[in-house]
Structure formats: structure tokens, C-alpha cells
Number of protein chains: 2
Amino acid sequence: MQAKPSSKSVNPGSAEDASGLRMTRQRQGVYRVLLAERDHPTANDVFMRVKDKLPHISLATVYNCLEVLVEHRLVRQVNFEREPSRYCPNLEEHGHFHDQHTGVIHDVKFKPGVQLGDVLDLPSGAVIEDVEINLRGQLSLA
Amino acid sequence: MQAKPSSKSVNPGSAEDASGLRMTRQRQGVYRVLLAERDHPTANDVFMRVKDKLPHISLATVYNCLEVLVEHRLVRQVNFEREPSRYCPNLEEHGHFHDQHTGVIHDVKFKPGVQLGDVLDLPSGAVIEDVEINLRGQLSLA
DNA sequence: GAATCAATTTAGAATAATTCTTGCTATTGG
DNA sequence: CCAATAGCAAGAATTATTCTAAATTGATTC
């Protein structure tokens, strides 16, 4: 979590971590909030939580940090319908199940060994960069 | 496409088709636009196209019609990230592949006999109401 | 340690898709 | 025809997100 000192940087003014990301206080704070409670908070949820540690942080900064974390693939952005985006620090490829009763979003793992092409009739020559699987329903107690 | 006359309706003021939907000129126009070019247009796209036939239709009405068509399951709403919603008259269960080069959205069929539970580790007792599968990538010519 | 300079943060304004409100029109059933 | 309900239009309102411009930070260089 500490800036790596480098004798000669091609990119002056930056001290980047392994992912090429400068870990500022704000980015660290935002990232920690996501790791602390993995309940898929919205940008605004994150904003309210991170203010405990960084009372002067602005909502725009939270958006900036989230964007940068997503770009650097430390965090995934999860969209359900047109609801506010939610953020998820689980980097394994996985889907999401939105329980309509409780509002809780559960991560859903793929069964081992499953390939997309086994399941979907992909257009020939399709190179998939990103997969998004969103389920909606309810958890019956039966 | 024509309202069904019914001698005694529980629902006064309505002449509904099989799906329980009153097929007004506007709804018909919007629906026909979707059937005519299955290229996943946005609400605004639909608005511009339907104006040929119904020059006085308003954008709000297009939104209303699309909403009502989606509610009655004649049309599916497709969301990619936080882009404007797109609309799709393909009622078979299917996913979408968004070609990043061309912007074209392709329908993607499931391979026959595939069950969600075969592929995903669903929470026990999960009753799935709706499945959304969105892929992003490119079509390489190789 | 001071100067430099790009990256980052901030506060608030701007944007844009969508929804809401209100008043009007159309259609239905009686 | 009448009363009731549904649907439509126009524009205002909402809201998540992005943009802008100015201030700050912090790594590197001097």
C-alpha cells in the first residue's frame, strides 16, 4: 500500500503500485470501504462510509476513485437495470443474484470448468472482453 | 393487433388483447418499430422512427408505451452498463453480445438443454424470475 | 529543503435519460 | 348520451453521473 520509490520514472509525479495506480489516501479509503463490507454499495453508500475516515472527501472524488479502481481492475462495477451502479471487490469471474425481497445482492460463482461457449451460441469469431450475468428473483425458504 | 370486444369486462374502460393490453395507435406504432428493425434501438431511436407514422407522438408517450410493452412481456428491455436502455422484441430467453467496434448488439441464444443451475452455483432456494446476460467484446475476422 | 509540475481533489455547475405532473382527449360500458 | 377510466402530450422535475475550474498534493529535480 506504499508508493514504490523509483530512481528514474518515465511518468514524473507518480509513484505507482503494481497495478500502475497511485494509491492516494482517498483511493485507499474508498477501496478499504469496499473491502470492509462486501455488500455491493453504491457510490453514495461509499461516500457516506468513507467520510468516517476522510471527512473532507467529496462525492466527485468518490466517483473518480471508483472509476480508477474499476479501470485498474481492482474493483468491478455492477449494474442492475438502471439502478445506481454498485461496486464489488470480488475479482473472481462471477455473477450476481438480486433478491427482490431483501434487496441483498449475492455473488454467484460459476461451476468449475464451465466455458461460456458451452452454454451460449456465440457469434463466430467473438472475442469476449467482459461478461455480466445478473439474476433477479427471491430466496424461498422451502 | 385489434382490440378484442368483450361483452362484460371486469375492467371498465378497457378493450384488451390477449396479453391484457389495450393496443392504442401509439403502442402499436412503437411495437411495430421494434419489430421492423431488430437492432435494439433506444427510446429516442424509437421516437424518431415512429414519428413517420405518428408525427404528433411525444417522447414521454414512447417511454410509456415501451414500459407497458415490457410489463406485458411483449418486449424486453436491455441495459448495457449505464447506457440508455434498449428494446428488443425477441421473447426467447437469450443474451446479448455488444460488439465494441461496430456498436452492434447481437442476440445470443442459449445452447439447447442448458439449465442455469448447471452453470451457476445458485444460492439454495433461489427462484429466478429474470436472467440478464450481457457480453462485451469484438468480432475478430480471423 | 525549495521549486517544479503533472496528477489529484474539491465544490459546484452541467448533463442526460427517465419520470412525473397536469390538463386534455379518447374509449368503454351502461 | 353519460359517466368513468385509460391514455396522451408538453413541459417540468428528478437524479445519477460527469464536467469544469481552481486549489492542493506530492514526487522529482535542483
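Predicted model, so just to flag it, every value in this text is computed and none were measured. Naming: A, B, ... by sequence-line order, numbering from 1 per chain.
- Residues that satisfy the side-chain hydrogen bond (donor to acceptor under 3.5 Å, both in side chains) test with Asn79(B), not counting sequence neighbours, are Ser85(B).
- Distance Gln28(A) CD to dT25(D) P: 17 Å, rounded to the nearest Å.
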Using atom names, set out every protein N or O paired with an N or O of nucleotides 15-18 of chain D below 3.5 Å, distance rounded to 0.1 Å.
residue	atom	partner	partner atom	Å
dT17(D)	OP1	Ser85(A)	N	2.9
dT17(D)	OP1	Ser85(A)	OG	3.2
dT17(D)	OP1	Arg82(B)	NE	3.3
dT17(D)	OP2	Tyr63(A)	OH	2.5
dT17(D)	O5'	Tyr63(A)	OH	3.4

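- Here Gln26(B) pairs with nothing under the side-chain hydrogen bond (donor to acceptor under 3.5 Å, both in side chains) rule; sequence neighbours left out.
- A straight line from CZ of Arg25(A) to P of dT24(D) spans 13 Å, rounded to a whole angstrom.
- Take Asp39(B) and apply the side-chain hydrogen bond (donor to acceptor under 3.5 Å, both in side chains) test, not counting sequence neighbours, and it matches Arg49(B).
- Residues in residues 52-62 of chain B take part in these side-chain hydrogen bond (donor to acceptor under 3.5 Å, both in side chains) pairs, two or more places apart or across chains: Ser58(B)-Thr61(B).
- The residue Thr24(B) sits close only to the backbone: its heavy atoms come under 4.0 Å of sugar-phosphate atoms, none of a base.
- Taking the side-chain contact (heavy atoms from CB on, under 4.5 Å) definition, one finds that Tyr63(B) meets it with Ala43(B), Leu59(B), sequence neighbours left out.
- In this structure, NE2 of His56(B) is placed 17 Å from C1' of dG7(D), rounded to the nearest angstrom.
- Taking five base pairs at each end of the helix from dG1(C)-dC30(D) to dG30(C)-dC1(D) and finding the rotation axis that steps the C1' atoms of four pairs onto the next four gives two axes whose angle is 30°, to the nearest 10°.
- Here salt bridge (charged side-chain N to carboxylate O under 4.0 Å, His left out) pairs that include residues 100-119 of chain B, with residues two or more places apart or in two chains, number zero.
- Scanning both residues, Val127(B) and Ser140(A), for their nearest heavy atoms gives CG2-OG, 4.0 Å.
- Sorted by first and then second residue, the pairs that involve residues 81-95 of chain A and meet salt bridge (charged side-chain N to carboxylate O under 4.0 Å, His left out), not counting sequence neighbours, are Glu81(A)-Arg136(A).
- Between Ser58(A) and dT9(C), a side-chain N or O to OP1/OP2 separation shorter than 4.0 Å is absent.
- An OP1 or OP2 oxygen of dT8(C) is reached within less than 4.0 angstrom by a side-chain nitrogen or oxygen of Arg27(A).
- As rounded to whole Å, 13 Å separates atom P of dT5(D) from atom CZ of Arg22(B).
- Spacing between atom CD of Glu81(A) and atom C1' of dT18(C) amounts to 14 Å, rounded to whole angstrom units.
- Taking atom CD1 on Ile57(B) and atom C1' on dG7(D), their separation rounds to 11 Å, with Å as the unit.
- Leu135(B) is not listed as a side-chain neighbour of Asp130(A), based on a closest heavy-atom distance of 4.5 Å or more.
- When the side-chain nitrogen and oxygen atoms of Gln26(A) are compared with OP1 and OP2 of dT10(C), one or more of them lie within a distance under 4.0 Å.
- For the side-chain contact (heavy atoms from CB on, under 4.5 Å) test, residues two or more places apart in sequence or in another chain that qualify with Val46(B) are Val30(B), Val33(B), Leu34(B), Pro41(B), Val62(B).
- Remark: C1' of dT9(C) and CG of Leu66(A) are 14 Å apart, rounded to the nearest angstrom.
- Ring-plane geometry between Phe97(A) and His106(A) is classed as tilted, the angle between the planes lying from 30 to 60 degrees on a 0 to 90 degree scale.
- Between the CG atom of Asn64(B) and the C1' atom of dT19(C) there is a distance of 9 Å, rounded to whole Å.
- Non-hydrogen atoms lying under 4.0 Å from DNA chain C are contributed by nothing in residues 46-55 of chain B.
- Checked against side-chain contact (heavy atoms from CB on, under 4.5 Å), Thr102(B) has the following partners two or more places apart in sequence or in another chain: Asp99(B), Val104(B).
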